[in-house]
Asker: 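Take this structure, written in structure tokens, and hold onto it; I'll ask about it next.
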Amino acid sequence: MRPGVPGDAARIAELIVRENHRPADRDAIATSLATAPSIVAFDGEEMVAFFYGRPFAPDIVEMQNMLIAASHRRRGLGLAVVARIEEDLRQAGYRAAIGANSILHRGTTPERCMTARAFWVRMGWRIMLATGGSVVLVRWLGPGAHPEDGITAPPS
Ligand SMILES: CC(C)(COP(=O)(O)OP(=O)(O)OC[C@H]1O[C@@H](n2cnc3c(N)ncnc32)[C@H](O)[C@@H]1OP(=O)(O)O)[C@@H](O)C(=O)NCCC(=O)NCCS
């Protein structure tokens with residue numbers, strides 16, 4: 001497991017097309033890899049996992065996509081990838097991460113979507129917003145990041 005670099009974009013895109021059955025924009029992925037911490041994991045030469053995002057605010061990152069290859073699921077790899085990225089994000093100065101999970105994405109199924117939601121809740125991410133088709137998840141990463149910390153009341 002190591003941090004991703006823009007040169008990993010082509011292999012990430014291949015994994016998305018193969019496993020998620022939807023198109024992937026290599027250039028957009030490369031831009032994300034260049035602008036925020038990410039993780040890629042290999043089994044030998046084969047890429048089997050990734051997690052990448054982009055800055056959302058100076059201290060908040062929007063995690064855009066995570067995938068563990070179907071051949072490597074339910075072995076704790078997802079948990080290890082999330083633990084590592086959360087630590088790297090803290091080191092990079094991020095105080096919170098957000099992400100979305102949607103049943104409306106091309107190529108997904110209700111079962112895959114519910115698996116991912118169960119996984120995120122287990123990882124300690126909180127559902128902050130839900131529409132009929134999507135949820136927004138939030139993870140607080142460090143001091144001053146809790147919703148009740150640092151909120152300044154508007155002047156009366
Ligand atoms: C969701 C995903 C990342 C989980 O990765 P993983 O490596 O299989 O997860 P782990 O083995 O680390 O599982 C950690 C915990 O998550 C939960 N979990 C994982 N898969 C689950 C499933 N199919 N059903 C219910 N809970 C599940 C469990 O609590 C599990 O702990 P346990 O094995 O001790 O019960 C993986 O299934 C995946 O890549 N899915 C397709 C892409 C996707 O949905 N990405 C997220 C988009 S929002």
Side-chain angles (χ1 to χ4, degrees), residues 1-6 8-57 59-92 94-141 145 147:
M1 198 184 299
R2 63 162 172 79
V5 294
D8 294 318
R11 287 216 270 181
I12 290 175
E14 281 168 24
L15 207 45
I16 293 170
V17 171
R18 194 172 71 231
E19 301 251 350
N20 278 351
H21 311 293
R22 64 178 195 235
D25 181 338
R26 282 185 195 188
D27 292 340
I29 295 168
T31 300
S32 291
L33 295 171
T35 54
S38 58
I39 296 293
V40 289
F42 295 83
D43 184 354
E45 294 293 303
E46 185 195 359
M47 184 183 285
V48 294
F50 65 76
F51 195 13
Y52 66 85
R54 63 186 169 195
F56 180 73
D59 59 351
I60 303 174
V61 65
E62 176 198 356
M63 297 313 292
Q64 294 171 277
N65 203 353
M66 173 176 182
L67 180 83
I68 307 296
S71 54
H72 286 66
R73 287 181 196 159
R74 288 320 285 266
R75 300 186 196 174
L77 183 56
L79 189 152
V81 165
V82 170
R84 169 74 189 268
I85 194 81
E86 289 182 0
E87 188 50 37
D88 290 356
L89 289 168
R90 278 186 202 99
Q91 295 294 329
Y94 287 104
R95 291 293 168 256
I98 62 168
N101 166 264
S102 180
I103 207 165
L104 305 174
H105 282 310
R106 261 175 76 184
T108 198
T109 63
E111 188 192 355
R112 286 173 69 121
C113 198
M114 291 311 142
T115 293
R117 285 185 199 179
F119 171 78
W120 290 119
V121 169
R122 175 78 196 278
M123 296 303 103
W125 291 51
R126 281 200 215 164
I127 294 176
M128 295 295 282
L129 172 68
T131 64
S134 309
V135 297
V136 175
L137 295 135
V138 174
R139 175 68 165 163
W140 314 104
L141 292 171

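Whatever order the structure lists them in is the order used to number ligands and atoms, beginning at 1. Values below: all heavy atoms of this structure, side chains included; hydrogens, waters and symmetry mates excluded. Just so we're clear, the structure is a prediction, and the values are computed from it rather than from any experiment.
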Asker: Look at atom 26 (N) of ligand 1 and say which protein heavy atom is nearest, naming residue and atom and giving the distance to 0.1 Å.
Answerer: A118 CB, 3.9 Å
Asker: Return the residue, atom name and 0.1 Å-rounded distance of the protein heavy atom closest to atom 38 (C) of ligand 1.
Answerer: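 The closest one turns out to be R73 NE, 3.5 Å.
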Asker: Check whether any N or O atom of R75, backbone or side chain, sits under 3.5 Å from an N or O atom of ligand 1, and answer yes or no.
Answerer: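 Yes; at least one N/O pair falls below 3.5 Å.
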Asker: Taking atom 23 (N) of ligand 1 as the point of reference, which of V135, I68, T115, L137 owns the nearest heavy atom?
Answerer: T115
Asker: Do we see a donor-acceptor contact under 3.5 Å between the side chains of R112 and N20?
Answerer: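 Checked: R112/N20 side chains pair up, N/O donor to acceptor below 3.5 Å.
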Asker: Check the pair L137 / N101 against side-chain contact (heavy atoms from CB on, under 4.5 Å), numbers first and verdict last.
Answerer: CA-CA 8 Å; L137 295 135; N101 166 264; 4.1 Å; yes
Asker: At less than 4.0 angstrom from any non-hydrogen atom of R122, what atoms of ligand 1 do you find?
Answerer: 15 (C), 28 (C), 29 (O), 30 (C), 31 (O), 32 (P), 34 (O), 35 (O)
Asker: Within the distance-only criterion (no hydrogens, no angle test), does the side chain of R2 pair as donor or acceptor with the backbone N or O of A41 below 3.5 angstrom?
Answerer: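 No, R2 side chain to A41 backbone: no donor-acceptor pair under 3.5 Å.
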Asker: Distance to 0.1 Å, residue and atom name: give those for the protein heavy atom nearest to atom 20 (N) of ligand 1.
Answerer: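 It is R74 CD, 3.3 Å.
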Asker: For side-chain contact (heavy atoms from CB on, under 4.5 Å), just list the numbers for R95 and W140, CA-CA rounded to whole Å, side-chain angles, deciding distance to a tenth of an Å, and then say yes or no.
Answerer: CA-CA 6 Å; R95 291 293 168 256; W140 314 104; over 6 Å; no
Asker: Can you tell me which residue and heavy atom of the protein come closest to atom 17 (C) of ligand 1, and the distance to 0.1 Å?
Answerer: F119 CA, 4.0 Å
Asker: Quick check: closest heavy atoms across T108 and C113, and the distance to 0.1 Å?
Answerer: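 Looking at all heavy atoms of both residues, the shortest contact is OG1-N, 4.2 Å.
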Asker: By number and element, which atoms of ligand 1 are closer than 4.0 Å to a non-hydrogen atom of W120?
Answerer: 48 (S)
Asker: Using a 4.0 Å cutoff against the non-hydrogen atoms of L79, which atoms of ligand 1 qualify?
Answerer: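 Those of ligand 1 that fall under 4.0 Å from L79 are 12 (O).
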Asker: Give me the atom names and distance for the closest heavy-atom approach of V82 to F51.
Answerer: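 Heavy atoms of V82 and F51 come nearest at CG2-CE2, 4.2 Å.
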Asker: Apply the test salt bridge (charged side-chain N to carboxylate O under 4.0 Å, His left out) to residues D8 and R26: give CA-CA distance (whole Å), side-chain angles for both, the deciding distance (0.1 Å), then the verdict.
Answerer: CA-CA 9 Å; D8 294 318; R26 282 185 195 188; over 6 Å; no
Asker: Let's go through L33 and V40 carefully: what are the C-alpha distance in whole Å and the side-chain angles of both, what is the deciding distance for side-chain contact (heavy atoms from CB on, under 4.5 Å) to 0.1 Å, and is it a yes or a no?
Answerer: CA-CA 10 Å; L33 295 171; V40 289; 5.6 Å; no
Asker: Identify the closest protein heavy atom to atom 44 (O) of ligand 1: which residue and atom is it, and at what distance?
Answerer: A116 CB, 3.5 Å
Asker: Using heavy-atom distances only, which candidate in Q64, M66, R117 approaches atom 45 (N) of ligand 1 most closely?
Answerer: M66
Asker: Write out the residue and atom name of the closest protein heavy atom to atom 7 (O) of ligand 1, then the distance separating them to 0.1 Å.
Answerer: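 Ranked first by proximity to atom 7 (O) of ligand 1 is G78 N, 2.8 Å.
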Asker: Going by the order shown, which atoms of ligand 1 are within less than 4.0 Å of some heavy atom of G76?
Answerer: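 Counting from 1, the qualifying ligand atoms are 10 (P), 11 (O), 12 (O).
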Asker: Do F50 and R11 have side-chain heavy atoms sitting under 4.5 Å apart?
Answerer: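 The answer is no; the side chains never approach within 4.5 Å.
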